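Everything below concerns the one structure shown next.
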Amino acid sequence: MGQQSLDSIPGEIQNQIISELGGFEKLMLRAVSKYFRAIIPVTAELLLEAENSHFSISKALYGCYDCLRLRPAHTFSDNLRKKKRRRNGEATTTRFCIECGLSAKGGRMRYQQGQFITVNGVRHVVCVQCNEYGRAAHQPIDDPLFKLYTATWMKICEACWEPIQRDIEEMQEPEWQKTREARGAILRDRGWVGTDDELLSISDSILSEYRFNMNCIYGVYE
């Protein structure tokens with residue numbers, strides 16, 4: 001007599017075997033086939049049990065109670081793995097992963113544009129420039145060049161910070177004054193500034209390549 005697979009034995013025996021499994025083992029069995037995914041529903045209770053298994057603890061896996069998946073620690077903000085939302089915390093089942101936090105729930109995203117999200121001690125941000133999630137731009141706070149930008153500009157990702165950083169470096173080069181005068185002439189020709197005094201009052205950051213190009217593209221001067 002050949003060996004029988006688990007899904008070919010009578011349903012009553014299947015149910016008895018499944019009832020003896022722990023939460024993590026049930027999740028593993030669900031991954032075997034569509035059949036077991038259909039007969040083993042994932043609930044918050046099952047996920048909570050799986051999260052507290054020896055394997056999940058050893059591999060730093062946590063449950064997201066939005067998408068009902070076990071996920072690595074780096075897919076959650078540090079705050080959502082502490083205090084009440086820690087493993088076995090009072091509010092563990094309200095924990096959600098970053099992916100779910102960035103998706104709309106009830107018509108509103110829980111992670112808003114400009115919000116910082118710390119993951120394993122590293123600051124990330126929902127960038128105010130590109131509206132994407134990524135590592136936040138970092139510059140020493142005592143760097144005088146960084147003070148050219150407001151707090152809003154600091155809420156940007158590394159990718160968006162690169163052209164701004166190039167602008168700042170450009171401003172320190174000897175050729176910058178010639179560039180400044182040439183771009184100022186364009187603003188004067190467009191009627192955005194009038195006198196030389198008005199031109200001199202424009203900050204270097206406004207005339208930097210990145211912001212100057214954006215202003216010209218969108219036909220605004222800010």
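Fair warning: this is a prediction, and the values are worked out from it, not measured in the lab. Residue indices begin at 1 and follow the sequence shown.
Smallest separation of non-hydrogen atoms from Y133 and I98: OH-CD1, 3.3 Å. For C97 against C64, the heavy-atom pair with the smallest separation is N-SG, 3.3 Å. When all heavy atoms are compared, the tightest approach of L48 to Y65 is CA-OH, 3.2 Å. K26 approaches L21 most closely through the heavy-atom pair CE-O, 3.4 Å. Contact detail for V128 and Q113: the closest heavy-atom pair is O-NE2, 3.4 Å.
In R37, the CZ atom is crowded: over 12 heavy atoms of neighbouring residues, nucleotides or ligands sit closer than 6.0 Å.
Here the CZ-CG distance, from R85 to N79, works out to 9.0 Å after rounding to the nearest 0.5 Å. For the atom pair CZ (R95) and SG (C100), the distance works out to 12.5 Å, reported to the nearest 0.5 Å. One distance of note links CG of N52 with CD1 of I57; it measures 5.5 Å at 0.5 Å rounding. From I156, atom CD1 reaches atom SG of C130 across 9.0 Å, with rounding to the nearest 0.5 Å. Rounding to the nearest 0.5 Å places OG1 of T94 at 7.5 Å from CG of L80.
E99 is linked by a salt bridge (charged side-chain N to carboxylate O under 4.0 Å, His left out) to R69, R71, counting only residues two or more places apart in sequence or in another chain.
For the residue pair R81 / N120, a side-chain donor-acceptor distance below 3.5 Å is found, with atom types taken as modelled.
A cation-pi arrangement is found for R87 relative to Y62, the charged atom lying closer than 6.0 Å to the ring centre and inside a 45° cone about the ring normal.
Between the side chain of E51 and the main chain of G63, a donor-acceptor pair closer than 3.5 Å is present. Judged by distance alone, the side chain of R135 and the main-chain N or O of H124 form no donor-acceptor pair under 3.5 Å. Of the possible donor and acceptor atoms, one in the side chain of R86 sits under 3.5 Å from a partner among the backbone N and O of K83. Between the side chain of Q115 and the backbone N or O of Q112 there is at least one donor-acceptor pair closer than 3.5 Å.
Under the 4.0 Å criterion applied to side-chain N and carboxylate O atoms, R110 and D66 are assigned as salt-bridge partners.
Counting heavy atoms from C-beta outward, L46 and L68 have side chains that stay 4.5 Å or more apart. Counting heavy atoms from C-beta outward, L70 and S56 have side chains that approach closer than 4.5 Å. Side-chain atoms of V126 and N131, non-hydrogen and from C-beta on, do get closer than 4.5 Å to each other. Looking only at side-chain heavy atoms (C-beta outward), L27 and V42 come within less than 4.5 Å of each other.
Under the 4.5 Å side-chain heavy-atom criterion for ILVMFWY residues, a single connected hydrophobic cluster contains both L47 and F24. The hydrophobic clustering, which links ILVMFWY residues whose side-chain heavy atoms are closer than 4.5 Å, places L29 and I39 together.
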Given the rule in the side-chain contact (heavy atoms from CB on, under 4.5 Å) test, do Y35 and Q14 qualify, once you have shown the distances and angles that lead to the verdict? CA-CA 12 Å; Y35 173 77; Q14 287 183 21; 2.7 Å; yes
Can F116 and Y111 be said to form a ring-ring contact (aromatic ring centres under 6.0 Å, His included), step by step? CA-CA 9 Å; F116 290 115; Y111 289 134; over 10 Å; no
